[in-house]
2 protein chains.
Amino acid sequence: MNIETENRERQRTPLDREKVLKAAVQLADREGIDSLSMRRVGHQLGVEAMSLYNHIANKEDLLDGMLDVVLAEIDPPLADEGDWRHVFHERVLAARRALKRHPWASTIVVTRVNPTPQMLAYMDSMIGIVRRAGFSLDLTHHAMHALGSRTMGFAQELFEDSADPSADPAAMELMISQMAEQFPYAAEIATKVRHDDESVVGSGCDDQFEFEFGLDLILDGLERLRRADESR
Amino acid sequence: MNIETENRERQRTPLDREKVLKAAVQLADREGIDSLSMRRVGHQLGVEAMSLYNHIANKEDLLDGMLDVVLAEIDPPLADEGDWRHVFHERVLAARRALKRHPWASTIVVTRVNPTPQMLAYMDSMIGIVRRAGFSLDLTHHAMHALGSRTMGFAQELFEDSADPSADPAAMELMISQMAEQFPYAAEIATKVRHDDESVVGSGCDDQFEFEFGLDLILDGLERLRRADESR
DNA sequence: ACCTGAACACCGTTCAAGT
DNA sequence: ACCTGAACACCGTTCAAGT
């Protein structure tokens with residue numbers, strides 16, 4: 001029995017911040033972040049929207065809290081053993097798994113104006129990995145900027161759904177043939193992606209693969225710079 | 001005399017799509033994307049919000065059109081001469097300059113569900129640069145994913161304003177000392193950034209530098225892969 | 001052909017009033 | 001101490017009615 005039905009029957013349990021956040025996360029998971037309103041979170045808890053203001057400051061505070069619920073799910077880092085790139089890579093994938101469970105979370109990260117406590121804790125642990133691997137303060141700073149949102153397990157993909165399998169193939173075919181004249185290079189890539197998608201084994205647009213490809217490209221570049229710095 | 005005052009006096013000139021887009025861009029430049037509403041764009045043109053629907057389909061269509069106004073300002077690419085990385089780098093900076101003139105544009109890019117015509121044209125030209133430099137179709141595809149939004153001249157920065165000079169130094173000092181215990185690595189970086197900002201010459205958090213650092217790190221990594229691929 | 005008034009179904013947030 | 005009714009100042013969008 002979830003919170004909603006429980007509270008609809010009789011509102012014995014008083015509200016608190018944690019209950020509000022949990023209900024909001026549940027609602028966003030089920031209906032998407034665009035459907036999340038104060039009124040709807042209230043309804044989910046069997047309460048009017050105004051009651052929520054007794055437990056959260058405003059909607060921004062609600063979003064901050066929801067993000068921290070998600071980030072608290074990230075697995076702790078591996079021990080510092082062997083190549084720092086491995087430790088870093090694995091932790092980024094742990095963050096990615098947590099964010100993937102709540103697809104709205106990455107859009108929330110991006111709109112935060114101040115880092116939340118859990119974001120700070122996560123970033124601190126990631127900075128620690130490279131510092132203990134011998135990165136200078138300068139190179140560490142550049143590294144974090146270069147990685148950007150990849151540190152948190154996601155990257156800004158342009159045209160995320162162009163390879164969406166739900167798009168019907170006939171429309172895709174038409175689009176590609178129309179693009180071919182004006183945008184030959186883009187059409188060539190779109191054709192490749194479509195072909196690879198059709199063959200079962202191929203991975204025309206495997207998000208996970210592309211994410212790790214980009215991540216390791218940057219980590220390898222950084223390791224090269226660390227070595228150059230060290231032997232300076 | 002701008003469109004607003006002109007049309008307030010007497011509405012002789014009939015509306016068209018271009019005028020709506022221009023007015024919307026002007027409004028977003030001046031007051032930010034959050035202040036952009038159908039009602040306010042209408043007001044800017046001396047017209048009710050409902051009139052806009054004669055020229056644009058809906059708000060998403062308006063945002064698409066606004067983005068294409070901005071992207072049309074990107075300088076054309078250099079000739080294919082010398083290192084492809086230079087040509088690519090310079091064009092990305094051209095895109096960056098255009099987006100920087102309209103700070104809301106990058107947030108619009110990120111929320112598009114379908115690529116706009118100008119986005120397609122831009123991406124096509126960038127794909128062309130690497131293809132003509134000898135990249136395989138596969139590597140080209142991975143390259144575009146690895147670069148992500150960097151291709152368009154921006155990157156997802158976490159905590160953009162943590163080095164904001166408008167934040168008062170005393171509050172910054174306090175925050176850092178509070179962080180130091182719980183988040184020593186993050187505090188160390190924050191301290192460095194603050195020091196470099198104070199010295200006039202230093203560039204503790206030079207967005208432009210960090211952007212190009214990350215861009216070149218990826219371009220160099222890709223060039224290495226291209227060479228390995230070629231001599232395979 | 002283009003513009004508008006009225007309306008619909010929503011938002012976040014405040015605050016005095018209730019229990 | 002916590003919750004609510006009423007209200008404020010907004011949204012995007014539709015559609016019949018006006019010119």
Side-chain angles (χ1 to χ4, degrees), chain A residues 3-25 27-28 30-67 104 107-108 111-114, chain B residues 3-25 27-28 30-67 104 107-108 111-114:
Chain A
I3 300 169
E4 182 177 7
T5 55
E6 187 184 318
N7 262 15
R8 278 242 196 77
E9 280 160 19
R10 42 181 163 12
Q11 39 272 67
R12 64 191 145 193
T13 47
L15 234 45
D16 59 32
R17 183 169 227 269
E18 202 192 347
K19 285 204 188 72
V20 172
L21 297 181
K22 286 269 164 64
V25 166
L27 183 61
R30 208 176 50 231
E31 316 217 6
I33 197 72
D34 288 341
S35 303
L36 186 104
S37 68
M38 299 298 280
R39 281 163 163 91
R40 295 197 56 175
V41 174
H43 179 255
Q44 164 103 335
L45 290 160
V47 126
E48 299 302 317
M50 317 79 167
S51 308
L52 303 177
Y53 289 89
N54 288 304
H55 307 100
I56 55 158
N58 49 38
K59 196 175 182 184
E60 283 298 291
D61 185 36
L62 176 67
L63 296 175
D64 279 355
M66 290 170 68
L67 177 57
W104 43 269
T107 79
I108 285 195
T111 57
R112 288 316 80 201
V113 323
N114 291 308
Chain B
I3 300 171
E4 184 178 3
T5 54
E6 188 184 320
N7 262 15
R8 277 244 196 78
E9 281 161 19
R10 43 183 164 8
Q11 40 274 65
R12 66 192 143 191
T13 47
L15 234 47
D16 60 31
R17 183 169 226 270
E18 202 193 347
K19 285 203 188 72
V20 172
L21 297 181
K22 287 266 164 67
V25 166
L27 183 62
R30 206 175 52 231
E31 316 218 6
I33 197 71
D34 288 341
S35 304
L36 187 104
S37 70
M38 300 297 280
R39 281 162 163 92
R40 296 198 54 175
V41 174
H43 179 255
Q44 164 103 335
L45 290 160
V47 127
E48 299 300 318
M50 318 80 169
S51 308
L52 303 177
Y53 288 88
N54 288 306
H55 307 100
I56 55 158
N58 49 39
K59 195 176 182 183
E60 283 297 291
D61 185 36
L62 176 67
L63 296 174
D64 279 355
M66 290 170 67
L67 178 57
W104 43 268
T107 78
I108 285 195
T111 57
R112 287 318 79 201
V113 323
N114 289 311

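Throughout, a chain's letter reflects where its sequence line sits, starting with A, and its residues are numbered from 1. Model, not experiment: these values are computed from the prediction.
- In this structure, B:Asp64 and B:Leu67 have side chains that are not in contact, with every pair of non-hydrogen atoms separated by 4.5 Å or more.
- In this structure, CG of A:Asp16 is placed 15 Å from C1' of D:dC3, rounded to the nearest angstrom.
- In this entry the distance linking NE2 of B:His43 with P of D:dC10 reads 12 Å, nearest Å.
- Atom CD of B:Gln44 sits about 8.0 Å away from atom CD of B:Glu31, to the nearest 0.5 Å.
- Using a 4.5 Å heavy-atom cutoff, the side chains of A:Ile33 and A:Met66 are in contact.
- Taking only side-chain nitrogens and oxygens, B:Ser51 comes nearer than 4.0 Å to OP1 or OP2 of C:dT4.
- Side-chain nitrogen and oxygen atoms of B:His55 include at least one within less than 4.0 Å of the OP1 or OP2 phosphate oxygen of C:dC3.
- With rounding to the nearest 0.5 Å, the separation of CG in B:Leu63 from CD1 in B:Ile56 is 8.5 Å.
- Between the side chain of B:His55 and the backbone N or O of B:Leu15, at least one donor-acceptor pair lies under 3.5 Å.
- Considering NZ of B:Lys22 and CD of B:Glu18, their distance stands at 4.0 Å, rounded to 0.5 Å.
- Put simply, CG on A:Leu62 is 14 Å from C1' on C:dC11, counting in whole angstrom units.
- Taking atom CG on B:Asn54 and atom P on C:dT4, their separation rounds to 10 Å, with Å as the unit.
- Taking every side-chain heavy atom of B:Glu48 into account, C:dG5 is the closest of C:dG12, C:dG5, D:dT13.
- Listed nucleotides C:dC11, D:dT4, D:dC15 differ in distance to B:Met50; the shortest reach to its side chain belongs to D:dC15.
- Taken together, the paired segments of DNA chain C that extend over three or more consecutive Watson-Crick or G-U pairs, each closer than 3.5 Å at both contacts, are C:4-8 with D:12-16, C:12-16 with D:4-8.
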Next on the checklist: Could you go through B:Val41 and B:Leu52, starting from their C-alpha distance and side-chain angles, then the distance that decides it, and tell me whether this counts as side chain to side chain contact (heavy atoms under 4.5 Å, CB included)?
Outcome noted: CA-CA 8 Å; B:Val41 174; B:Leu52 303 177; 4.0 Å; yes
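- Taking the C1' atom of each, C:dC11 and D:dA7 are spaced 14 Å apart, rounded to whole Å.
- Listed candidates were C:dT4, D:dT13, C:dC11. Nearest to the side chain of A:Ser37 is C:dC11.
- At whole-Å resolution of the value, OH in A:Tyr53 and P in D:dT4 are 14 Å apart.
- In this entry the distance linking CG of A:Leu63 with C1' of C:dT13 reads 15 Å, nearest Å.
- Following rounding to the nearest Å, B:Asp34 (CG) and D:dC11 (P) show an atom-to-atom distance of 12 Å.
- The separation between B:Lys59 atom NZ and D:dC10 atom C1' is 12 Å, rounded to whole Å.
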